Undergrad: 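Got a structure here, written out as structure tokens. Questions coming.
Fair warning: this is a prediction, and the values are worked out from it, not measured in the lab.
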Amino acid sequence: MEAQHLHGKPQAEGEWSTGFCDCFSDCGNCCITCWCPCITFGQVAEIVDQGSTTCVTAGALYTLISCFTGCGCLYSCCYRGKMRAQYNIGGNDCGDCLKHFFCELCALTQQYRELKNRGYDVKLGWAGNAQIQQNQGVAMGAPAFQGGMTR
């Protein structure tokens, strides 16, 4: 069973759970994203990549790309596409790029809210959410590896 079906309230097929400009519905995240978007991006990337990318790695790469090219939005729009594919949300790559280019902060906060509304505690990251699910007896994403040799 996939993780996206185990969290939160069911969403309407093909739609985001919140509007693009609903930034102020989560004022805490809105402020963090406004002052340091690399944090929100890193948190989103870690959950979307199911822990294969850490928050720190994604946030640092986002910051480097933004500082040296001014185009961190190109990196973050890729994650919007990944998220849409994971949750079967309508849209296209061109729309993703335009949203991130013209209003990066609204796009990042919408992605953060989407994960939050799907039951993730985004601040805990992938491992923290996996631990909570394990404690509740629910499998998340890929099955856990059982170490040791058997005959």
Undergrad: Measuring only between side-chain heavy atoms, which start at C-beta, is Gln111 closer than 4.5 Å to Leu115?
TA: no
Undergrad: Of all heavy-atom pairs between Gly125 and Ile47, which one has the smallest distance, and what is that distance?
TA: C-CD1, 3.5 Å
Undergrad: Can you find a heavy atom in the side chain of Thr53 that is under 4.5 Å from one in the side chain of Tyr79?
TA: yes
Undergrad: Measure the shortest side-chain to side-chain distance between Leu108 and His100 over non-hydrogen atoms and say whether it is less than 4.5 angstrom.
TA: yes
Undergrad: Distance-only, no hydrogens or angles: does the Gln110 side chain make a donor-acceptor pair with backbone N or O of Thr18 under 3.5 Å?
TA: yes
Undergrad: Do the side chain of Glu46 and the main chain of Thr54 share a donor and acceptor less than 3.5 angstrom apart?
TA: no
Undergrad: Pair Lys82, Asp49 - check salt bridge (Lys or Arg N to Asp or Glu O under 4.0 Å), show working.
TA: CA-CA 9 Å; Lys82 285 182 182 182; Asp49 281 345; 3.1 Å; yes
Undergrad: To the nearest 0.5 Å, what is the distance between CG (Asp121) and CG (Asn129)?
TA: 6.0 Å
Undergrad: When you measure from the side chain of Ser25 to the backbone N and O of Asp22, does any donor-acceptor pair fall under 3.5 Å?
TA: yes
Undergrad: Please give me the minimum heavy-atom distance between Arg84 and Trp16, naming the atom from each residue.
TA: CG-CZ2, 3.7 Å
Undergrad: Once rounded to the nearest 0.5 Å, what's the spacing between atom OH of Tyr112 and atom CG of Asn117?
TA: 11.0 Å
Undergrad: Which heavy atom in Gln43 sits nearest to a heavy atom in Cys55, and how many Å separate them?
TA: N-SG, 3.6 Å
Undergrad: Applying side-chain hydrogen bond (donor to acceptor under 3.5 Å, both in side chains), run through Ser17 and Glu114 and close with a yes or a no.
TA: CA-CA 6 Å; Ser17 62; Glu114 186 67 31; 2.9 Å; yes
Undergrad: Starting at CZ of Phe101, measure out to SG of Cys77 and round the result to the nearest 0.5 Å.
TA: 11.0 Å
Undergrad: Rounded to the nearest 0.5 Å, what's the gap from CG on Leu74 to OG1 on Thr69? Could you check?
TA: 7.0 Å
Undergrad: If you apply the rule side chain to side chain contact (heavy atoms under 4.5 Å, CB included), what do you find for Ser76 with Glu104, and how did you get there?
TA: CA-CA 8 Å; Ser76 62; Glu104 175 76 344; 2.7 Å; yes
Undergrad: Do Arg113 and Asn29 have side chains that get closer than 4.5 Å, going by heavy atoms?
TA: no
Undergrad: So which heavy atom on Cys23 is nearest to which on Thr109, and how close?
TA: SG-OG1, 3.5 Å
Undergrad: If you compare all heavy atoms of Cys30 against all heavy atoms of Phe24, which two are closest, and at what distance to 0.1 Å?
TA: SG-CE2, 3.6 Å
Undergrad: Going by the rule side-chain contact (heavy atoms from CB on, under 4.5 Å), which residues pair with Cys38 if we only count those two or more places apart in sequence or in a different chain?
TA: Cys36, Tyr62, Thr63
Undergrad: Using the rule that Ile, Leu, Val, Met, Phe, Trp and Tyr join whenever any side-chain heavy atoms are under 4.5 Å apart, tell me whether Val44 and Ile39 fall into a single cluster.
TA: no
Undergrad: Could you check if a side-chain atom of Lys116 sits within less than 4.5 angstrom of a side-chain atom of Asp26, using non-hydrogen atoms only?
TA: yes
Undergrad: So Cys103 and Phe20, side chain to side chain contact (heavy atoms under 4.5 Å, CB included) or not? Walk me through it.
TA: CA-CA 9 Å; Cys103 196; Phe20 185 71; 4.0 Å; yes
Undergrad: Search all heavy atoms of Ile65 against all heavy atoms of Cys71 and return the closest pair with its distance.
TA: CG2-O, 3.5 Å
Undergrad: Give the C-alpha distance, both sets of side-chain angles, the deciding distance and a yes or no for side chain to side chain contact (heavy atoms under 4.5 Å, CB included) between Met83 and Tyr87.
TA: CA-CA 6 Å; Met83 184 181 249; Tyr87 298 116; 3.8 Å; yes
